[in-house]
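Heads up: the structure comes next, in structure tokens.
If you read the sequence from its start, that first residue is 1, and numbering goes on from there. Keep in mind that what you see is a predicted model, and the values were worked out from it rather than measured.
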Amino acid sequence: MVSLQDSHSQYSAPNRFPLTSTSPSPIKINRHVGRSMRTIRSTLFQTSSASFASLPSNSATSTPFVSENLTESVIDMRLGELAKTLNNNSNGNHSSFKIKLSSSSEEEFLDIAEAFSDFSGCSPDISGELQRLACLPSSPMHDGEVEGCKKKNPSMEIVAEPCHGFLQRETFSTEIIESISPEDLKPTVNICVDGLQSPSIAVKRSAAEKLRFLAKNRADNRALIGESGAISALIPLLKQSDPWAQEHAVTALLNLSLYEENKKKITNSGGIKSFVYVLKTGTENAKQNAACALLSLALIEENKSSIGACGAIPPLVSLLINGSNRGKKDALTTLYKICSMKQNKERAVVAGAVKPMVGMVVEAGAGMMAEKAMVVLSSLAAIEEGREAIVEEGGIAALVEAIEDGSAKGKEFAVVTLLQLCNNSVRNRGLLVREGAIPPLVALSQNGSIIAKNKAERLLRYLREPRQEAAAASSSSPQRGGGF
């Protein structure tokens, strides 16, 4: 183990690493004695962050990601190709959908896998329970301004139709619903499913809202609703121009997707394409819940390829850049889940996911957002394009920063990602040394968690290798002397 006192002298030999004449990163960092790297680096991403924040979320130019601009026919063609591939692998061997990792990479991913629970704290139905939007047609107990909103928007009024008295009710007690058995709820569910077929958008909106609450907490209700035919009737509402109908529908489908048997029904009804549409066009809450719904479907391995093929990654990156804190967390978690596939990693890099995540590592400091961003960066660092993008966007500097000042978990994620960047790249090792990483790595190897200590020591061994190779080459070279 290397001590802090001799770390500078041991690694201070100049020109030890073969570096190009120009840095791969446009960011130049000058570190001064006695000055924290956070002080130096904190301004590096302000320009980019400010530009992200100042862009209007609805503008076509507001998102610096590469959109695939997929048409329906192209998406259907991709899904058809994936279906053929799945049929060819119907014997149970789905290896084509799994990234092949070396044993060391598998170990590292096991280390970071605990960073995300499957839903990253996304409880079902997050869109309206804590803060109801002013104009949602909900109970006055939740919203005292419903009547005023109806006057401004007459289309919000429920149109009287035969057998839809229940849907006309604004007061809807979830407490009472919780005490009713699924068998007794069948007539209610059937009324809602019939309401989804109504020509009135107001009736459809109300039916979707009722189903959303019925499916919120109880698995038996989700099973009942899934068997009622509601899923295929809810899917068209995802492309409805009425934002509240769309939001109720996507949230209802998110809740229903938490029941395993409903996942296949949702995908078979075209749910993935429709969730991607909501990611592009919905309200902030609808986008968040669409991301969570895709995350739920991604728990089935073959769905990950369909989600990527349907063009979900660019709008997820957009949510990562322009969304609220909740939206950013949902986008990060969904990207982490679907980027276990190599092709989706490539799509995420092309879509510009690396830059905002590096910015999060710098800006969020020791916070949970920085930790989640580092876990996704570690996933993307498994491919060459991801490693190049991380270095190009100043990721090495940001990760060194995290080792210095991050949380205990953040330091683990940072050193794992740096290991992937430096594993087969002498050049990246040189850049790492140039960032002043040796002292914080030595400190981590002495004072970090067990995982952090092991990873830091392994990375320090990588950084010694070029020096040892140079010494060996020097000792084996022929001595100059007389002779000729």
Side-chain angles (χ1 to χ4, degrees), residues 24-25 27 37 41 44-45 99 101-102 104-116 320 332-333 335-336 339-340 342 345-346 348-349 353-438 440-441 444-445 448-449 451-463:
S25 171
I27 299 169
M37 286 297 284
R41 295 190 180 111
L44 295 179
F45 295 89
I99 182 169
L101 299 172
S102 64
S104 62
S105 296
E106 288 173 351
E107 175 190 351
E108 287 161 3
F109 280 111
L110 285 174
D111 290 339
I112 66 173
E114 295 180 356
F116 288 134
L320 183 64
L332 280 170
T333 311
L335 284 169
Y336 171 74
C339 284
S340 62
K342 181 179 179 182
K345 294 182 201 290
E346 295 167 349
V349 172
V354 170
K355 184 173 184 176
M357 285 191 283
V358 170
M360 286 179 183
V361 173
V362 174
E363 293 167 0
M368 185 178 294
M369 195 77 78
E371 294 176 4
K372 290 178 180 292
M374 282 188 280
V375 173
V376 183
L377 285 173
S378 184
S379 175
L380 298 183
I383 63 171
E384 181 63 29
E385 299 91 335
R387 293 190 290 272
E388 291 175 357
I390 293 170
V391 174
E392 179 67 24
E393 298 297 345
I396 290 180
L399 292 166
V400 172
E401 175 88 4
I403 291 177
E404 285 185 310
D405 301 327
S407 64
K409 275 291 180 186
K411 291 178 180 182
E412 291 179 13
F413 302 147
V415 74
V416 166
T417 307
L418 286 171
L419 269 171
Q420 291 175 283
L421 295 178
C422 296
N423 186 20
N424 294 310
S425 176
V426 173
R427 182 168 175 272
N428 286 351
R429 296 176 195 178
L431 293 173
L432 182 59
V433 171
R434 224 165 66 175
E435 289 296 339
I438 301 302
L441 279 173
L444 188 61
S445 71
S449 65
I451 292 175
K453 284 180 180 179
N454 292 337
K455 302 301 181 184
E457 289 174 359
R458 183 174 163 191
L459 185 52
L460 286 168
R461 286 196 298 270
Y462 282 165
L463 299 181

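- Residues G410 and M374 come closest through the heavy atom pair O-CE, 3.5 Å.
- Residues passing the side chain to side chain contact (heavy atoms under 4.5 Å, CB included) test with A452 are E412, L444, S449, sequence neighbours excluded.
- Side chain of R429 to main chain of L463: no donor-acceptor pair is present (N/O by atom type, distance under 3.5 Å, no hydrogens or angles).
- Using a 4.5 Å heavy-atom threshold, the side chains of L431 and L421 count as separate.
- Here NZ of K455 is found 14.5 Å from OG of S445. Values are rounded to the nearest 0.5 Å.
- Proximity of M360 to L332: side-chain heavy atoms (C-beta onward) are separated by under 4.5 Å at one or more points.
- Atoms CG and CZ, from L418 and R458 in turn, are 12.5 Å apart once rounded to the nearest 0.5 Å.
- From E346, atom CD reaches atom SG of C339 across 10.5 Å, with rounding to the nearest 0.5 Å.
- Put simply, the side chain of S425 does not reach to within 4.5 Å of the side chain of R387, judged on heavy atoms.
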Does V361 form a side-chain contact (heavy atoms from CB on, under 4.5 Å) with E401? I'd like the steps, not just the answer.
CA-CA 9 Å; V361 173; E401 175 88 4; over 6 Å; no
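- To the nearest 0.5 Å, atoms CG (L335) and OG (S379) are separated by 9.5 Å.
- The heavy-atom pair separating V349 from G386 by the smallest distance is CG2-CA, 3.7 Å.
- Annotation for A414 and I403: closest pair CB-CG1, 3.8 Å, computed over non-hydrogen atoms.
- Heavy atoms only, all atoms of each residue included: A397 and E435 are closest at CB-OE1, 3.7 Å.
- Smallest separation of non-hydrogen atoms from A381 and T417: CB-CG2, 4.4 Å.
- Counting all heavy atoms, side chain and backbone alike, T333 lies closest to K372 at OG1-NZ, 4.4 Å.
- Residues satisfying the side chain to side chain contact (heavy atoms under 4.5 Å, CB included) criterion with E388, sequence neighbours excluded, are E384.
- With values rounded to the nearest 0.5 angstrom, E385 atom CD is found 11.5 Å from I390 atom CD1.
- Looking at heavy atoms from C-beta onward, L432 lies out of side-chain contact with I438 at the 4.5 angstrom threshold.
- By the 4.5 Å heavy-atom criterion applied to side chains, F413 and L377 are not counted as neighbours.
- For the pair M357/L380, a side-chain contact is recorded, criterion being any heavy-atom separation below 4.5 Å from C-beta on.
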